[in-house]
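Report on one structure; see the data block that follows.
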Amino acid sequence: MFLTISTTGTHERPATDLGFLLHKHPDKAQAFSTSYGTAHVLYPEASPERCTAALLLEVDPVALVRRGKGKGGKGRGGAPDQALAQYVNDRPYAASSLLAVALGNVFSSALKGQCQARPELVGQTLPLRVEVPALPARGGAELVRKLFEPLGWAVTAEPITLDERFPEWGASRYVHLVLEGEQRLSDALRHLYVLLPVLDDAKHYWVSPDEVDKLLRVGEGWLPGHPEHKLITSRYLARRWSLTREAMERIELARLAAADDSDVEEIDNAVDEDTDTEERPVALAVQRRAAIVEALRGAGASRVLDLGCGQGQLVRELLKDPRFTQIVGVDVSMRALSLAARRLRIERMGERQAERVRLLQGSLTYTDKRLKGYDAAVLSEVIEHLDLERLPALEYAVFGAARPVTVLVTTPNVEYNVRWETLPAGHVRHGDHRFEWTRAEFRTWALAVAERHGYGVEFLPVGPDDPEVGPPTQMAVFALNAAPATPVSEEKAA
Ligand code: SAH
């Protein structure tokens with residue numbers, strides 16, 4: 001089984017630079033032994049104009065079976081399963097998951113985007129052409145296109161006839177694949193490394209828990225945004241449900257971070273909201289922070305979490321009042337946090353002031369020990385950024401695990417949207433809002449949360465309370481119910 005990678009070039013930018021990137025000299029044919037057979041790297045052509053590297057893997061089907069990883073193999077020490085299919089199978093010929101393993105072994109530096117001899121080449125895109133003459137593709141040519149096209153490849157996938165003498169037998173499950181595109185070599189290798197076994201969809205290797213780390217590492221930058229990321233993840237992890245779930249959670253986190261980073265960009269380019277009080281949404285943000293600070297004072301809180309703190313506007317507000325002795329901003333977006341640190345001028349703060357504030361990166365959908373033991377937590381305009389199905393995870397992490405005495409939650413009141421002149425009917429206020437609730441929906445959710453976790457809850461309007469549609473922002477104030485008195489705590493109280 002084999003694949004070729006070709007590029008074109010000029011005298012100024014010779015195609016043979018491919019050899020530097022692959023760490024394999026175009027003038028030599030080299031062989032590497034892998035656990036399944038021998039991998040050869042050779043260059044059928046190597047001129048400044050065109051250069052092609054071929055990876056050819058000679059699979060030893062007997063070695064494959066001995067390693068207990070062949071199709072239907074029982075493994076070392078298992079009952080002897082001598083079915084012929086173990087020895088006579090497509091593995092030596094088709095570009096299966098084994099080819100991906102060989103690719104990872106032989107071109108490991110190139111895959112990681114390392115090139116000591118010519119580091120400047122790594123970031124450059126090249127006109128690349130990848131050819132795989134026999135690619136087992138479960139899902140056919142259509143799936144092949146769905147997997148590679150979103151990554152910027154022009155895809156030609158020709159189904160291979162099962163037997164040319166008997167056209168009526170139709171196509172086999174193999175395709176002849178050609179990919180063409182302007183890509184960085186390391187990206188191309190990382191696409192192939194993941195997608196060849198995904199298309200093969202045969203479980204020829206043991207899936208170990210560190211496979212999730214490997215997938216996320218190799219998929220960094222392209223997998224989270226891929227429209228088929230669910231299928232890719234589940235097939236790559238050989239449909240091992242627990243691993244797939246773990247990977248999906250981590251991918252979701254990466255997607256969130258990326259989405260929120262683009263949010264931050266928008267906010268960053270907008271006018272500074274505190275100075276521009278003409279715009280209604282701006283005035284609303286100011287009113288919201290005032291309402292939050294008021295509620296925190298009312299609750300007597302001094303150690304406060306700002307969960308989903310964004311660029312730290314509330315943190316800055318809280319710093320002005322010395323009653324807030326510990327202020328911790330938490331956000332999933334590193335970019336938001338670094339902007340917050342800059343805006344707060346943390347570097348230039350005096351020591352006492354700096355000791356009052358901390359910024360932490362974390363996701364609110366995972367329990368986090370660092371968030372335990374605070375007087376209050378604020379979730380200001382955060383819940384609507386989560387997919388509804390992730391909301392129970394946030395609920396558990398905040399109300400079940402961190403359990404601050406007071407929790408303030410604000411969210412838009414969707415009924416009010418008809419009052420925004422600039423908002424087309426039926427639209428949410430922000431592109432990243434996954435939902436916006438009516439007052440009744442918010443109450444239902446908040447009451448159920450309070451009930452489940454032993455909190456009492458009250459509702460406050462923020463902004464002008466319209467007689468028909470209510471206020472633009474709704475706020476719930478949760479207070480932890482006093483724990484049932486035990487003799488010990490009574491004694492302490494006395
Ligand atoms: N609290 C601020 C920012 C609201 S925007 C304010 O009231 O203006 C929503 C913020 O929630 C963003 O900064 C986003 O990065 C953060 N966020 C979204 N999902 C999150 C998650 N799962 N964990 C932590 N932060 C998250």
Side-chain angles (χ1 to χ4, degrees), residues 224 248-268 270-274 276 279 281-296 304-318 327-344 358-368 370-371 376-399 401-402 407-413 428-436 462-463 472-476:
M248 287 309 302
E249 277 183 359
R250 290 170 57 185
I251 287 174
E252 186 54 30
L253 200 60
R255 284 164 70 88
L256 265 175
D260 289 325
D261 281 355
S262 57
D263 268 14
V264 174
E265 215 94 54
E266 277 167 41
I267 305 168
D268 212 23
V271 256
D272 191 321
E273 45 179 333
D274 288 343
D276 187 353
E279 286 275 341
V282 167
L284 184 60
V286 175
Q287 289 183 49
R288 190 162 49 229
R289 285 195 289 276
I292 290 167
V293 173
E294 199 47 48
L296 288 173
V304 180
L305 297 167
D306 182 9
L307 305 177
C309 63
Q311 296 172 58
Q313 291 95 332
L314 178 65
V315 171
R316 186 165 63 181
E317 204 62 37
L318 296 174
I327 306 151
V328 180
V330 180
D331 207 286
V332 72
S333 160
M334 266 323 275
R335 201 173 132 67
L337 290 174
S338 61
L339 285 168
R342 219 163 64 202
R343 282 181 157 223
L344 293 166
R358 270 203 304 159
L359 298 176
L360 303 177
Q361 195 204 10
S363 171
L364 302 170
T365 51
Y366 296 88
T367 58
D368 188 337
R370 298 174 299 178
L371 308 186
V378 179
L379 284 157
S380 165
E381 309 297 282
V382 172
I383 58 171
E384 65 276 8
H385 288 264
L386 269 73
D387 286 326
L388 268 176
E389 72 240 34
R390 303 296 296 149
L391 207 50
L394 172 137
E395 173 191 329
Y396 180 73
V398 175
F399 294 89
V407 183
L408 307 181
V409 180
T410 78
T411 194
N413 163 24
V428 293
R429 296 179 200 177
H430 190 292
D432 192 49
H433 285 184
R434 309 297 162 93
F435 61 88
E436 284 181 355
V462 179
T473 297
Q474 34 189 352
M475 174 154 83

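From a predicted model like this one, the values you see are computed outputs, not experimental measurements. Ligands are counted one by one from 1 in listed order, and the atoms in each one are counted from 1 as well.
For ligand 1, none of its N or O atoms has an N or O atom of Ala336 under 3.5 Å away. When only interatomic distances are considered, the shortest N/O to N/O separation between Val330 and ligand 1 does not fall below 3.5 Å. Residue-to-ligand polar distances place Asp331 within reach of ligand 1: an N/O pair is separated by less than 3.5 Å. Considering both main-chain and side-chain atoms, Val382 never comes within under 3.5 Å of ligand 1 through any nitrogen or oxygen pair. When only interatomic distances are considered, the shortest N/O to N/O separation between Ser380 and ligand 1 falls below 3.5 Å.
The part of Leu386 lying near ligand 1 is the side chain, judged by heavy-atom distances below 4.0 Å.
Glu436 is not listed as a side-chain neighbour of Thr411, based on a closest heavy-atom distance of 4.5 Å or more.
Within the 4.0 Å heavy-atom cutoff, Ala285 does not count among the residues contacting ligand 1. Ligand 1 has no atom lying under 4.0 Å from any heavy atom of Gln313.
Heavy-atom contacts of Gly362 reach the following atoms of ligand 1: 23 (N), 24 (C) (cutoff under 4.0 Å). Atoms of ligand 1 lying under 4.0 Å from at least one heavy atom of Gly310, given by number and element, are 13 (O).
The side-chain contact (heavy atoms from CB on, under 4.5 Å) test with Leu364 is passed by exactly one of Asp331, Leu379, Ile383: Leu379. For the salt bridge (Lys or Arg N to Asp or Glu O under 4.0 Å) with Arg288, the qualifying choice from Glu294, Glu317, Glu381 is Glu381, the only one to do so. Each of Leu305, Leu296, Val407 was checked for a side-chain contact (heavy atoms from CB on, under 4.5 Å) with Val378, and the lone residue meeting it is Leu296. Among the candidates Thr410, Val462, Asp306, the single residue satisfying the side-chain contact (heavy atoms from CB on, under 4.5 Å) test with Ile292 is Thr410.
In Tyr396, the OH atom is not crowded: 12 or fewer heavy atoms of neighbouring residues, nucleotides or ligands sit closer than 6.0 Å. For CZ of Arg358, the number of neighbouring non-hydrogen atoms (other residues, nucleotides, ligands) closer than 6.0 Å is 12 at most.
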